[in-house]
Asks: 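Below is one structure. I have some questions about it.
Residues: numbered from 1 along the sequence shown. Only heavy atoms go into these numbers, but all of them, side chains included; no hydrogens, no water, no symmetry mates.
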Amino acid sequence: DMLVLSRAGLAEIDPLFLTDEDLVARRHRDDKAQELLSMLKPIHFPIAFPEVFTHDVLGFGCLIGKPPWDKLMVKEDDYWLPFVPGLAKLKGNDKKKSIQQASKNYPIEKLSLDLLTKESKLMRTHLHPGPWPGAAKGHFDLYKMFVWRFWSLANVDGFIGIVVPWSALSDAALEEWRSLLFSNRSIIGIVELRNTKKWIFDIGSQIVVALISLSKKGDILTIKQSGPFNSYEEYAQPTHFLKLPSSSFATWTRNSSVLSFPQHPSVINIFTKLRSHPTFDSQSHVWHAAPLYNELSLTTDKNLFEYSDGLNKIPVLSGASINTWSPSWSAPFGWIDTAIAERHFMSKRKNQSQNKRSIYFNLNKTILEDVSTLSFKRSRIAFRKIARRADARTIIPALIPPDHLTQDGLPVLVFKDNNADFEAYVLGIFSSVIFDWQARRYVELNVLSRIICNMSIPIFHNCVLAQR
């Protein structure tokens with residue numbers, strides 16, 4: 001227990017101190033230590049399962065389970081939703097004031113929130129330095145630590161069956177775990193389940209679940225993949241497995257992601273043909289573009305937003321503001337003063353011009369100092385970030401007019417050359433059913449930058465077909 005606290009940085013322990021049993025016992029009985037341990041509830045597997053960890057072959061021969069999917073993050077907004085009707089629709093200071101008033105009206109619930117926040121912070125502190133490379137990146141989801149723990153607890157010839165969100169097969173935080181599985185050729189099979197009408201778990205009906213079978217011994221040359229299944233009746237029927245070479249995914253993705261395929265014999269041939277074209281960010285294209293996310297961040301730029309229209313104000317669009325080829329599908333998310341926007345983005349572009357990874361790197365100084373050349377001064381391609389492969393369309397693009405900005409939910413494409421023909425060509429590709437079908441193989445809940453950059457797009461040729 002004391003070593004657990006020490007690794008988490010919650011207790012200072014001299015190595016020599018561990019040789020003194022009386023001193024260890026006194027420190028362990030300390031009120032502060034007991035309070036921390038009561039929250040962490042650590043389990044020591046060699047002590048809990050001595051029959052498994054005291055033989056020549058250490059570890060379990062088979063592990064089957066569903067790890068917790070909880071996020072170690074308490075969102076104040078979500079906590080107060082049941083107590084404040086209409087809170088979700090409020091913005092800015094109005095939302096802040098409502099939460100402050102709720103804290104006064106419900107003192108017991110406020111204490112409960114404080115305790116949850118404290119426990120969540122303690123768990124993150126404890127788990128962050130643990131033996132799960134990369135899993136603590138981004139959202140602190142418990143299942144990301146558990147998949148590593150499943151692997152380490154299985155013996156060298158062990159088998160693992162694990163139930164996780166499909167995002168475990170694509171999330172950047174588990175890239176090293178998936179790379180280990182692929183390099184060891186450990187994946188036996190993957191079943192994709194969609195939680196339609198909550199037939200699997202009583203959580204969101206849009207959740208996609210993965211049933212993964214692994215062999216710690218490895219040397220599995222072919223992965224069996226089946227699904228998606230939308231009900232138990234579908235799942236229980238005799239099904240056709242796609243058989244995929246273990247080495248394929250390394251050529252199809254850049255972070256060892258597992259893709260979702262319909263169960264049809266010709267699907268892999270079709271997908272392989274699409275992947276013969278260069279990726280969006282390839283230097284083979286005559287145009288050079290990059291997806292820009294968080295043009296205006298809801299977190300760091302929230303002080304710039306206004307929530308009423310007026311003179312000299314620029315609309316700020318969200319994902320919900322557009323639909324396919326319709327840039328004004330619904331109302332803007334908010335507005336921003338034109339002069340403030342110009343100062344903000346002139347400064348931002350100047351800083352980005354020093355970054356080798358930026359589309360603005362080494363931008364001509366004359367252009368850099370000309371406010372009229374800011375990207376939002378001209379029409380741009382935008383697309384919804386939040387999308388699912390089960391939706392009618394996954395890639396939802398639109399050409400937004402000049403003097404329109406976007407927030408987190410609506411990325412835009414920034415072209416270095418500002419060539420209208422190239423942009424029209426890319427907009428046409430993004431709007432096609434074929435491009436959308438390709439995207440569905442990668443997307444689960446969000447159209448991420450790494451997905452867009454990895455999408456295959458045919459080379460532009462100045463011919464009648466391309467012009468169409």
Side-chain angles (χ1 to χ4, degrees), residues 76-77 84 86-100 289-353 358-360 363 366-387 396-416 418 420 423-424 426-427 430 446-447 449:
E76 191 177 33
D77 294 15
V84 185
L87 181 64
K89 296 181 180 180
L90 298 178
K91 299 177 182 178
N93 287 331
D94 290 339
K95 176 176 283 190
K96 187 177 180 180
K97 289 177 181 177
S98 293
I99 290 174
Q100 289 174 344
L292 174 63
Y293 285 67
N294 301 341
E295 182 169 56
L296 284 171
S297 169
L298 292 175
T299 303
T300 58
D301 298 322
K302 61 183 179 181
N303 59 313
L304 302 178
F305 291 111
E306 298 181 23
Y307 297 102
S308 59
D309 195 1
L311 190 64
N312 296 323
K313 290 184 181 180
I314 296 174
V316 179
L317 305 181
S318 67
S321 301
I322 72 159
N323 208 336
T324 304
W325 287 13
S326 178
S328 54
W329 179 257
S330 64
F333 172 82
W335 286 263
I336 182 175
D337 180 82
T338 302
I340 291 175
E342 290 175 347
R343 286 196 301 271
H344 177 78
F345 285 102
M346 285 292 284
S347 174
K348 192 172 183 177
R349 186 172 69 173
K350 186 175 180 180
N351 291 335
Q352 291 174 335
S353 69
S358 171
I359 191 73
Y360 298 118
L363 192 65
T366 302
I367 296 176
L368 199 60
E369 295 177 353
D370 184 355
V371 69
S372 68
T373 64
L374 287 170
S375 63
F376 73 84
K377 295 289 185 179
R378 59 193 308 277
S379 299
R380 297 176 297 165
I381 300 169
F383 56 93
R384 286 187 191 171
K385 178 184 175 183
I386 299 175
I396 300 177
L399 189 68
I400 61 174
D403 293 317
H404 281 63
L405 288 164
T406 67
Q407 46 93 301
D408 298 357
L410 190 65
V412 294
L413 299 182
V414 178
F415 286 77
K416 196 165 188 176
N418 291 340
E423 293 179 34
V426 172
L427 178 59
F430 268 57
N446 289 288
V447 183
S449 175

Asks: For the pair Phe383 and Tyr293, name the ring-plane relationship: parallel under 30°, tilted 30 to 60°, perpendicular over 60°.
Replies: perpendicular
Asks: Just so I know, are the side chains of Pro332 and His404 near enough to count as touching, which here means a heavy-atom distance under 4.5 Å?
Replies: no
Asks: Is Ser375 close to Tyr360 at the side-chain level, that is, under 4.5 Å between some pair of heavy atoms?
Replies: yes
Asks: I need the Lys348 NZ to His344 NE2 distance, nearest 0.5 Å.
Replies: 4.5 Å
Asks: Which atom names give the shortest non-hydrogen contact between Leu410 and Gly319, and what distance separates them?
Replies: CB-N, 3.9 Å
Asks: Between Leu413 and Phe430, does a side-chain contact (heavy atoms from CB on, under 4.5 Å) hold up when you go through it step by step?
Replies: CA-CA 11 Å; Leu413 299 182; Phe430 268 57; 3.9 Å; yes
Asks: Compute whether any side-chain donor of one residue and acceptor of the other, for Arg349 and Thr373, lie under 3.5 angstrom apart.
Replies: yes
Asks: Nearest heavy-atom pair of Ile322 and Pro397: which atoms, and what distance?
Replies: CD1-C, 4.4 Å
Asks: Would you say Thr338's side chain and Asn312's backbone share a donor-acceptor pair under 3.5 angstrom?
Replies: yes
Asks: Donor-acceptor check, side chain of Lys95 to backbone of Asp77, threshold 3.5 angstrom: yes or no?
Replies: no
Asks: Between the side chain of Arg380 and the main-chain N/O of Val414, is any donor-acceptor distance below 3.5 Å?
Replies: no
Asks: Calculate, to the nearest 0.5 Å, the distance between atoms CD1 and OG belonging to Ile367 and Ser353 respectively.
Replies: 11.5 Å
Asks: Sort out for me which residue in Leu298, Leu317, Asp408 forms a side-chain contact (heavy atoms from CB on, under 4.5 Å) with Phe333.
Replies: Leu298
Asks: Do Arg384 and Asn323 come within less than 4.5 Å of each other through their side chains, counting heavy atoms only?
Replies: yes
Asks: Below 4.5 Å, heavy atoms only, C-beta onward: do Pro401 and Pro327 meet side chain to side chain?
Replies: yes
Asks: Is any side-chain heavy atom of Ile381 closer than 4.5 Å to a side-chain heavy atom of Leu399?
Replies: yes
Asks: Would you confirm whether Ser330, through its side chain, and Ala320, through its main-chain N or O, come within 3.5 Å as a donor-acceptor pair?
Replies: yes
Asks: Checking the side chain of Glu295 only, and the main-chain atoms of Thr406 only, is there a donor and an acceptor separated by less than 3.5 Å?
Replies: yes
Asks: To the closest 0.5 Å, what do you measure between CE (Met346) and CG (Asp370)?
Replies: 7.0 Å
Asks: For Val412 and Leu405, what are the C-alpha separation, side-chain angles and deciding distance, and is it a side-chain contact (heavy atoms from CB on, under 4.5 Å)?
Replies: CA-CA 9 Å; Val412 294; Leu405 288 164; over 6 Å; no
Asks: How many angstroms lie between atom CG of Asp301 and atom CD1 of Ile340, to the nearest 0.5 angstrom?
Replies: 11.5 Å
Asks: Grab the two heavy atoms, one from Ala339 and one from Asp337, that are nearest each other, plus how far apart they are.
Replies: N-OD2, 3.1 Å
Asks: Rounded to the nearest 0.5 Å, what's the gap from CG on Leu304 to CH2 on Trp335? Could you check?
Replies: 16.0 Å
Asks: Is the shortest side-chain N to carboxylate O distance from Glu76 to Lys96 below 4.0 Å?
Replies: no
Asks: What I'd like to find out is whether the side chain of Leu296 reaches to under 4.5 Å of the side chain of Phe345, using heavy atoms alone.
Replies: yes
Asks: Do any N or O atoms from the side chain of Ser347 and from the backbone of Arg343 form a donor-acceptor pair under 3.5 angstrom?
Replies: no
Asks: Hey, what do you get for CD1 (Ile359) to CG (Leu292), rounding to the nearest 0.5 Å?
Replies: 10.0 Å
Asks: Does any non-hydrogen side-chain atom of Asp94 lie less than 4.5 Å from one of Tyr307?
Replies: no
Asks: Is any side-chain heavy atom of Asp403 closer than 4.5 Å to a side-chain heavy atom of Lys377?
Replies: yes
